[in-house]
Amino acid sequence: SAVISQKPSRDICQRGTSLTIQCQVDSQVTMMFWYRQQPGQSLTLIATANQGSEATYESGFVIDKFPISRPNLTFSTLTVSNMSPEDSSIYLCSVEVDREIRAFFGQGTRLTVV
Amino acid sequence: QKEVEQNSGPLSVPEGAIASLNCTYSDRVSQSFFWYRQYSGKSPELIMSIYSNGDKEDGRFTAQLNKASQYVSLLIRDSQPSDSATYLCAPANQGGKLIFGQGTELSVKP
């Protein structure tokens with residue numbers, strides 16, 4: 001398994017500002033992902049954080065809005081830029097230990113934009 | 001058609017009963033299937049994975065897979081109030097990424 005520390009756990013932000021969410025894993029992992037869970041909804045994959053190269057974004061998500069860094073195999077950040085109330089969601093970091101043991105999640109960041 | 005569809009909830013069962021959670025998926029090439037449990041206000045946790053047709057049992061949980069019917073289910077025997085949560089079905093698509101269903105909320109009444 002993997003222990004994932006995500007911070008902040010929650011934040012209330014003003015519209016137009018940006019928030020950077022950090023995800024730290026206690027072991028080296030190949031795959032790291034960022035998900036969004038809007039209120040009452042399921043999880044939607046934002047992007048795959050690639051170590052040493054640009055993140056791979058899913059349809060509907062762009063780098064300018066959600067820049068991602070992955071400087072090494074244990075750490076990643078997601079920035080939510082120029083926030084609006086529609087960005088109010090839970091943002092989750094996830095790692096894949098191997099194909100047989102999928103997707104451990106961090107505790108999530110509950111973001112409220114006012 | 002949604003990529004992953006789960007039976008709409010909330011599903012309410014009495015304590016000790018069997019809870020049956022269903023999931024259908026549209027991607028015929030999916031080979032790996034996962035069930036997650038999410039308590040209110042918490043992040044999802046993996047409870048079962050299944051890769052081959054048939055049944056896979058783990059304690060009180062049984063996952064069933066039928067690739068021909070593109071159907072996967074989760075049975076919870078001897079349901080306990082602590083099982084009350086939202087259950088998320090997540091097949092892995094051709095690229096290996098998990099696609100989550102909308103979830104089924106389960107309520108186990110004492």
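These numbers were taken from a predicted model, which means no experiment stands behind them. Protein chains get the first letters and strands the later ones, always in sequence-line order, with residue 1 at the start of each.
- Around the CZ atom of A:R15, the shell of radius 6.0 Å holds no more than 12 heavy atoms that belong to other residues, nucleotides or ligands.
- Scanning residues 99-110 of chain B against chain A with a 4.5 Å non-hydrogen threshold yields B:F100, B:G101, B:Q102, sorted by number.
- With a 4.5 Å cut-off on non-hydrogen atoms, A:Q6 does not touch chain B at all.
- Of all residues spanning residues 106-114 of chain A, those with a heavy atom less than 4.5 Å away from chain B's heavy atoms are A:G106, A:Q107, A:R110, arranged by number.
- Connection of B:L11 to B:I76 is established within a shared hydrophobic cluster, with ILVMFWY side chains joined at heavy-atom distances below 4.5 Å, either directly or through further cluster members.
- The number of heavy-atom neighbours closer than 6.0 Å to NZ of A:K7, taken from other residues, nucleotides and ligands shown, is 12 or below.
- Taking CD of B:Q38 as the reference point, atom CZ of A:F105 lies at 8.5 Å (rounded to 0.5 Å).
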**Request:** Evaluate the criterion side chain to side chain contact (heavy atoms under 4.5 Å, CB included) for residue pair A:Y35 and B:L98; output intermediate values, then yes/no.
**Result:** CA-CA 11 Å; A:Y35 285 85; B:L98 297 180; 3.8 Å; yes

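- By the 6.0 Å contact criterion, CZ on A:R10 is open, its count of non-hydrogen atoms from other residues, nucleotides or ligands being 12 or less.
- Looking at A:L92, only its side chain comes within 4.5 Å of chain B, counting heavy atoms on both sides.
- A distance of 8.0 Å separates NZ in B:K97 from CZ in A:F33, rounded to the nearest 0.5 Å.
- A single hydrophobic cluster is not seen to contain both B:I18 and B:W35; linkage of ILVMFWY side chains at heavy-atom distances under 4.5 Å, directly or through other members, places them apart.
- Applying the 6.0 Å contact sphere to CD of A:E54 captures no more than 12 heavy atoms from other residues, nucleotides or ligands.
- By the criterion of side-chain heavy atoms lying less than 4.5 angstrom apart, applied directly or through intervening Ile, Leu, Val, Met, Phe, Trp or Tyr residues, B:L75 is not grouped with B:L65; the two fall into different hydrophobic clusters.
- Under the 4.5 Å side-chain heavy-atom criterion for grouping Ile, Leu, Val, Met, Phe, Trp and Tyr, A:I90 is not connected to A:L78 through any hydrophobic cluster.
- In the hydrophobic cluster analysis, where Ile, Leu, Val, Met, Phe, Trp and Tyr join through side-chain heavy atoms closer than 4.5 angstrom, A:Y57 is grouped apart from A:M32.
- Looking at A:T44, neither its backbone nor its side chain comes within 4.5 Å of chain B, counting heavy atoms on both sides.
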